[in-house]
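The structure under discussion appears below in the form of structure tokens.
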Amino acid sequence: MSDYHFNSIEAKWQKYWAENQIFKAENNSEKPKYYVLDMFPYPSGAGLHVGHPLGYIASDIYARYKRHQGFNVLHPQGYDSFGLPAEQYAIQTGQHPAKTTKENIKRYREQLDKIGFSFDWSREVRTSDSEYYKWTQWIFIQLFESWYCNIHEQAFPISELIEIFNEEGNIGLNAKCGNKQPEFSADMWNSFSEEKQQKILLNYRLTYLAETEVNWCPQLGTVLANDEIVNGVSERGGFPVVKKKMTQWSMRISVFAERLLNGLNHLDWSESLKETQRNWIGKSVGASVEFRVVNEKEEFKGIVIKTFTTRPDTIYGVTFLTLAPENELVDKITTIEQRVEVAKYITTTAKKSERERLADVKNITGVFTGAYAKHPLTKELIPIWIGDYVLAGYGTGAVMAVPCGDQRDYDFAKHFNIPIKNIFEGVDISEKAHTEKEGTIIANSDFISGYSYKDASNKVIEALEKNHRGEKEINYRLRDAVFSRQRYWGEPFPVYYKNGLPQMIAEEYLPIRLPEVEKYLPTETGEPPLGRAINWAWDTNTNKIVNSKLISKAELEGYEDNGIYPLELNTMPGWAGSSWYMFRYMDALNNNEFASKEAMDYWKNVDLYIGGSEHATGHLLYSRFWTKFLHDRGFLKVDEPFKKLINQGMILGESAFVNIIDLEFNNNENPLSLRLTYAISESDYKKIEQGEIEKVDLDIFKNHKEFKDFNFEMLDKSSVDKKNLRRKHVLVDYVDNSNILDLVGVRQWDPEFNLIEFVLNLDGNYIVSREVEKMSKSKYNVVNPDDICKQYGADTLRLYEMFLGPLEQAKPWSTAGITGVHSFLKKFWRLYHSPFEGGQGDVFNITENPASKESLKTLHKTIKKVQEDIENFSFNTSVSTFMIAVNELTSQKCTSKEVLEPLLILLSPYAPHIAEELWSKLGHSESISTAAFPKFEEKYLIESMKKYPISFNGKMRFTMELPLDLSKDEIESVVMSHKKTIHYLEGRTPKKVIVVPGKIVNIVG
RNA sequence: GCCUUGGUGGUGGAAUUGGUAGACACGCUGGAUUCAAAAUCCAGUGCUUCACGGCGUGCGGGUUCGAUUCCCGCCCAAGGUACCA
């Protein structure tokens, strides 16, 4: 007896693969390499749902396919195991995050193992493991010890910058830094105190400590990066975020902006993802333009307002300047008469939160400063205004307002009655600004009149540069990334503070391990959780972590410096560990380096990366940044981490709802008042919702004992109203494939259902409503892959997830459809246990008989299609192809090894367990994963006949089977003489007959 | 607003350079088998019409012998982004 017992087959092969380390990748191999990577998961307490493995299944199919193609495949997996949820849980329960993380990982691993992935687990990484974060700390130190040279567009060691300072000072230096540094000579540099030198260097380092305006989330008690904020609230938890000035570590990612932008051109990523990154980097090319502020006598006051514009061609249209309320020049230029009003305006805008200001876009507010500046070209006086439509954080926080060419400037000018000057030829600006660049001709603009946008811009920049009133400038939206988090469960910084200045701990003393704390909350004085650690000080004498009480009090009088200093209390953000993990997999057990040169030279970078698009502006940008940095410093040969990237679409859940109406019955005659809750059908629910019925079917209630003495005529109409309706989620486990609710189960699950009277249909069932939503625990629509594996098997799960639709598309999960692929696998099994050719049925039956022509054709058609599909990541269509193949081979009664053996290899990336099992039954002792992919041969597909579609005016009417070697004319004469042709022509003479040999015949007329 | 991706039966989705629209499944209908159910198998299933036929890939045009596919103009949905000067 040999049915398809998937549970035992799958357990058997999973054990075999693990015990024999079948998927262990070698760092030395004659074979070409291929690196397939999944975005590693955060091991949450909820475990995996069927949406999570989608990308893993796709990458696994590809990895297995590449092995069949003869590649040495690296396909690792690990865990992004630092993060907020474990810490929040720790705060609530007091459990150490390391403990819950470990438990969650164990559960994840069990779930992953059941799906039959070909991961090389010997290379597993965990970002929260100190042997891993040792190297995260090490990379941080390298960033601290580097600066960025603009001339070479490359990061260099800071020691080289110090040498330059020693010899030349910073005069003429073209380095990327924070605020523009005052110039100093070599002599001056050498005369500076050590402290002053360090402070100057901080402005050049690629990670630096600075007081910056950060996004502070009070509820989470931490700062957040821009990409961790969604619609003005925190991504995790949805809490409000406010701006706050704090001293924080930052990453100077902005210096890499241009390279991050250009690098995209060579990557095989989706256009939408590249576009998202381009928008996030936000390059604008334009010019800086300086306006000199003058006094009443029109004399230069020594104050320059620098503006940034992308439209230098509109410079003759400037009729005012606008400063952001936060601009520090505001105070310096405001006239005595305007001071009160300006102060009032600044106070009101400061009160508004970021969100309110954004929400209030339509309200135009502003105030005149009383001051004027001279136009750099016309020397006209330009009034200076303040307006909150100008943002302090972008460009210079000041704009040259050209109302005729910018809608915001236009609206502002209209609102405050500021003149609008038209500088465009033949354009009406009485209604709105003219913002179109292309095809616009400049007018009323002195030497640029008559020129196009492009030519005029270049001429203006030239003129400005000559007068030293401006220059060509490029601005990026991308800001430096805040790197400090006021949290416990993250990487500690390898940093201590001496006299308030940060010092790096030498590489040999890494890792700096996370200290124990008794609570995971901030301290009473508002310090981060690490402030609670008893031992959190660095002893520079012994190079060990010691008790915080020993910290040097040298700054106090009467104390000597004992060499013991406080350690950094912040930890690194979640993206620190995930920014370089793809390289760690190459040599995961290396204790001496983050990965050996040999390993990195061999594996280079990730050939195929699969993961969610939610990481477009976070992880995918940061890891590109770190890769470019490590490349510059000579630690990596490659300068992009991921060559090809695919975003798998989200699998949505099908939530189940009970439609509920809460009824209140009041009866004046009878002091009976009832509140009852009914679960009604979806159609009744919709009717009531749309006001189509005013009363629900009263018979339902009449049968109910509570209504024995009730006068239904008195039922208040208003009690059957939209407002009485609500929908309640039910756990999808209590709903079957026909949407019938398990009433007993659901009443046990949630006692509220005991108080609800269910209105049943004619079959005596309650049918739930379905709606597609994001799969989540709170929506009770989570489908667990373990349950699917248990009921149908991992091979079915794998096939079904692929069969659902195109990989990159979002699609709803419906367990109902899974029977289709499951019965395919059963048919597939039966094909190898057929009663044909002397088989017993139920007994393995493969013959050495030569295959029929049809069977060979089926096989080679399948090889061709499946190979193309895998290479195009069109996995859903190859599942269909397998189904067609099995249907055909079954009806052909095929038992030939010649056909059925290669078919196993084709299926094995998709359904590896069943393929291994049948492969071993064929007598192979090696795993099927070592077998070569079957070779497609065209000769089996060559046909001599073609079923031609015969169409009339483009409409197909009938088909005709004709030999393929017929000429155009022969086809035409055969078709024209066919009796059906004569019938469809109804006596008309065709104007034209189109014959495309091998394709189609179309008769026109 | 801007950018990106989409829009095909009751449902998920096929259709590689313009050439038989709806492959493959799910669901549904009918039948076989079964004491019965499950499982399995067979037939049918875009809409409309008794039928001949007509209509059909978001909408309106265009190119073409022929358009889901190419071009122009709209509509809708999802995702990204936004007083970014």
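Note that the structure is predicted; figures quoted are calculated from it, not measured. So that the names make sense, note that chain A is the first sequence line, chain B the second, and so on, each numbered from 1.
Checked against the 6.0 Å centroid criterion, the rings of A/Tyr800 and A/His822 do not qualify as a close aromatic pair. Separation of the A/Phe412 and A/Trp385 ring centroids falls under the 6.0 Å cut-off. Taking the six-membered ring where the residue is Trp, the centroids of A/Phe882 and A/Tyr910 are separated by under 6.0 Å. For A/Tyr4 and A/His833, the ring centers sit 6.0 Å or farther from each other.
Annotation: B/rC71 and B/rU63 have their C1' atoms spaced 7 Å apart (nearest Å). With both ends at atom C1', the span from B/rG53 to B/rG62 equals 29 Å, rounded to whole Å. Separation of the P atoms belonging to B/rC72 and B/rU4 is 14 Å when rounded to the nearest angstrom. Here the separation of B/rA37 from B/rG58, taken at their C1' atoms, is 45 Å to the nearest Å. Between the P atoms of B/rC74 and B/rG27, the separation comes to 43 Å (whole Å). Distance noted for atom P between B/rG44 and B/rG22: 15 Å (whole Å). Atom C1' of B/rU48 sits at a distance of 14 Å from the matching atom of B/rG9, rounded to the whole Å. Rounded to whole Å, the separation between the C1' atoms of B/rC59 and B/rA25 comes to 31 Å.
A/Ser272 comes within 4.0 angstrom of the backbone, heavy atoms only, and of no base. Contact annotation for A/Asn872: no contact, since no heavy-atom pair falls under 4.0 Å across all strands. At the heavy-atom level, A/Lys826 lies under 4.0 Å from the strands shown only through sugar-phosphate atoms. Counting non-hydrogen atoms under 4.0 angstrom, A/Val1004 reaches the backbone sugars and phosphates but no base. Within the nucleic acid shown, A/Asn876 comes within 4.0 Å of sugar-phosphate atoms alone, with no base atom in reach, counting heavy atoms only. Residue contacts shown for A/Lys827 are limited to sugar-phosphate atoms, with no base heavy atom under 4.0 Å away. A/Ser823 comes within contact range of the sugar-phosphate backbone alone, with a heavy-atom separation under 4.0 Å but no base atom that close. Counting non-hydrogen atoms under 4.0 angstrom, A/Phe803 reaches a base of the nucleic acid.
The separation between A/Leu652 atom CG and B/rU11 atom C1' is 15 Å, rounded to whole Å. Following rounding to the nearest Å, A/Lys999 (NZ) and B/rG18 (P) show an atom-to-atom distance of 9 Å. The CG-P distance, from A/Asp388 to B/rC84, rounds to 13 Å in whole Å.
Across all strands shown, B/rC59 forms a Watson-Crick or G-U wobble pair with B/rG73, both key distances being under 3.5 Å. Nucleotide B/rC2 forms a Watson-Crick or G-U wobble pair with B/rG80, both donor-acceptor distances falling under 3.5 Å. Nucleotide B/rA43 is matched to B/rU29 when pairs are restricted to Watson-Crick or G-U wobble geometry with both distances under 3.5 angstrom. For B/rA85, there is no paired nucleotide, since no Watson-Crick or G-U wobble pair has both relevant distances below 3.5 Å. B/rG12: Watson-Crick or G-U partner is B/rC24, with both key distances under 3.5 Å. Under the Watson-Crick and G-U wobble criteria, each requiring two contacts below 3.5 Å, nucleotide B/rA38 is left unpaired. Remark: B/rG19 base-pairs with B/rC65. Criterion, Watson-Crick or G-U wobble with two distances under 3.5 Å. Pairing for B/rC50 is absent, with no Watson-Crick or G-U wobble pair whose two atom distances lie under 3.5 Å.
Base orientation of B/rG61: anti, the glycosidic angle falling outside 90° of 0.
A residue-by-residue look at A/Ile1000 and A/Phe308 shows that A/Ile1000 has its nearest nucleotide of RNA chain B further toward the 5' end. The residue among A/Leu804 and A/Arg830 whose nearest nucleotide of RNA chain B lies closer to the 5′ end is A/Leu804.
Closest approach to the A/Glu271 side chain among B/rU4, B/rG19, B/rC84 is made by B/rU4 (side chain taken as heavy atoms from C-beta onward). Residue A/Glu275 has its side chain nearest to B/rU4 when only B/rA85, B/rG19, B/rU4 are considered. For A/Tyr984, whose side chain is taken as the heavy atoms from C-beta onward, the closest listed nucleotide among B/rG53, B/rU20, B/rA85 is B/rG53. The side chain of A/Leu391 approaches B/rC84 more closely than any other nucleotide in the set B/rG27, B/rC24, B/rC84. Candidate nucleotides B/rG19, B/rC83, B/rU40 were compared by shortest atom distance to the side chain of A/Ile994, and B/rG19 ranks first. Closest to the A/Met956 side chain, of the nucleotides B/rA21, B/rC83, B/rA14, is B/rA21.
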Salt bridge (charged side-chain N to carboxylate O under 4.0 Å, His left out) between A/Glu888 and A/Lys857, worked out
CA-CA 10 Å; A/Glu888 285 180 3; A/Lys857 187 178 159 192; over 6 Å; no
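Checking the phosphate oxygens (OP1, OP2) of B/rG80, no side-chain nitrogen or oxygen of A/Arg278 falls inside 4.0 Å. Of the side-chain N and O atoms in A/Thr276, none sit less than 4.0 angstrom from OP1 or OP2 of B/rU81. For B/rG12, the OP1/OP2 oxygens have no side-chain nitrogen or oxygen of A/Lys811 closer than 4.0 Å. OP1 and OP2 of B/rG6 both lie 4.0 Å or more from every side-chain N or O belonging to A/Gln809.
Of all heavy-atom pairs between A/Tyr622 and A/Ile253, the closest is CD2-CD1, 4.0 Å.
The side-chain contact (heavy atoms from CB on, under 4.5 Å) test with A/Val735 is passed by exactly one of A/Val768, A/Ile740, A/Ile767: A/Val768.
If you check the side chains of A/Glu808 and A/Ser270, you find no donor sitting under 3.5 Å from an acceptor.
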